[in-house]
Amino acid sequence: MAMPQSHLAVFTISVAADLAGMQIQNLRVYERRGLIEPARTSGGTRRYSSADVECLVRIRELLEEGLNLAGIERVLELEQEVRDLRRRVSEASEASAGPLRNA
DNA sequence: CTTCTGACA
DNA sequence: TGTCAGAA
């Protein structure tokens with residue numbers, strides 16, 4: 001199966017800001033506030049992955065919903081927790097719900 | 001073009 | 001929360 005989004009692409013801050021519909025300065029602000037932590041090149045330049053860009057879009061949407069940066073940080077944290085829990089459940093289900101294990 | 005910090009509305 | 005200054 002083909003994967004819709006190849007999470008292999010990386011962007012500079014200017015491109016990431018453009019894709020997310022944000023100002024470059026705001027991306028740096030969000031990082032200072034602890035909402036995002038993009039990877040860095042050996043030279044220190046931020047390198048935003050497509051996952052980071054998607055995260056930025058979520059940040060913008062939550063901001064438009066009226067949340068402040070502190071609230072958004074909690075939302076992103078909880079979303080990650082839910083994602084992790086669902087993964088664990090999926091794995092547990094996969095391990096026990098086999099085709100009639102030792103009846 | 002990019003980085004950072006401090007300050008301010 | 002976002003923007004600006006200033007230095008690197």
Side-chain angles (χ1 to χ4, degrees):
Chain A
M1 298 99 186
M3 240 195 310
Q5 258 89 32
S6 67
H7 299 70
L8 296 172
V10 290
F11 315 95
T12 61
I13 192 172
S14 58
V15 176
D18 186 53
L19 293 175
M22 293 170 165
Q23 302 293 318
I24 294 177
Q25 286 286 351
N26 289 340
L27 266 59
R28 297 199 181 103
V29 169
Y30 300 152
E31 184 178 16
R32 235 202 297 198
R33 298 298 204 218
L35 273 73
I36 53 176
E37 302 192 46
R40 300 298 189 100
T41 65
S42 55
T45 302
R46 293 177 179 79
R47 311 192 77 258
Y48 292 84
S49 66
S50 52
D52 290 328
V53 173
E54 290 175 21
C55 185
L56 288 173
V57 172
R58 262 179 298 139
I59 289 174
R60 204 197 58 231
E61 291 174 344
L62 292 171
L63 282 172
E64 291 172 351
E65 287 178 29
L67 283 78
N68 58 27
L69 296 186
I72 293 175
E73 183 175 13
R74 303 278 289 102
V75 170
L76 294 178
E77 182 180 306
L78 292 172
E79 284 183 348
Q80 181 184 348
E81 193 172 325
V82 170
R83 206 185 313 275
D84 187 52
L85 287 173
R86 288 162 72 93
R87 182 184 59 76
R88 290 170 186 263
V89 169
S90 176
E91 289 179 355
S93 155
E94 210 172 298
S96 60
L100 278 189
R101 44 153 191 161
N102 60 0

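As a basis for the values below, the full set of heavy atoms in this structure was taken, side chains included, without hydrogen atoms, waters or symmetry mates. Protein chains get the first letters and strands the later ones, always in sequence-line order, with residue 1 at the start of each. On a predicted model such as this, the values are computed, not experimentally measured, just so you know.
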Which atom pairs, donor and acceptor, lie under 3.5 Å between side-chain atoms of residues 34-46 of chain A and protein residues at least two apart or in another chain?
unit_1, atom_1, unit_2, atom_2, d
A:R40, NH1, A:G44, O, 2.8
A:R40, NH2, A:E31, OE1, 3.4
A:R40, NH2, A:E31, OE2, 3.2
A:T41, OG1, A:G43, N, 3.2
A:T41, OG1, A:G44, N, 3.3
A:T41, OG1, A:T45, N, 3.1
A:R46, NE, A:E31, OE1, 2.4
A:R46, NH2, A:E31, OE1, 2.9

Interatomic distance, A:E37 CD vs B:dC4 C1' [rounded to whole Å]: 16 Å
Whole-Å distance, A:R28 CZ to B:dT2 C1', equals 7 Å
What pairs with A:R88 under salt bridge (charged side-chain N to carboxylate O under 4.0 Å, His left out), at least two apart in sequence or on another chain? A:D84
Show the distances under 3.5 angstrom between N or O atoms of the protein and N or O atoms of nucleotides 5-8 of chain C.
none

Answer yes or no: does atom CD of A:Q80 have more than 12 heavy-atom neighbours from other residues, nucleotides or ligands under 6.0 Å? no
Contacts under 3.5 angstrom, residues 9-30 of chain A side chains, donor-acceptor by atom type, not counting sequence neighbours:
unit_1, atom_1, unit_2, atom_2, d
A:T12, OG1, A:S14, OG, 3.1

With a sphere of 6.0 Å drawn around CZ of A:R87, does it hold more than 12 non-hydrogen atoms of other residues, nucleotides or ligands? yes
For A:R47, answer base if it contacts any base atom (sugar-phosphate contacts may also be present), sugar-phosphate if it contacts only those atoms, and nothing otherwise; contact means non-hydrogen atoms under 4.0 Å. nothing
Measuring from the side chain of A:S14 (C-beta onward, heavy atoms only), which nucleotide among B:dT3, C:dG2, B:dC1 has the closest atom? B:dC1
Phosphate OP1/OP2 of B:dT2 contacted by A:R46 side-chain N/O (<4.0 Å): no
Any salt bridge (Lys or Arg N to Asp or Glu O under 4.0 Å) pairs touching residues 62-73 of chain A, not counting sequence neighbours? A:R60-A:E64
Using 4.0 Å as the upper bound for N to carboxylate O, is an ion pair formed by A:R58 and A:E54? no
Using only modelled atom types and a 3.5 angstrom limit, is any donor from either the side chain of A:R32 or the base of C:dG2 paired with an acceptor on the other? no
Which whole-number value in Å describes the distance from A:I24 CD1 to C:dG2 P? 15 Å
Atom CD of A:E31 to atom P of C:dT3: distance rounded to whole Å? 17 Å
In residues 56-66 of chain A, which ones come under 4.0 Å of DNA chain B, going by heavy atoms? none
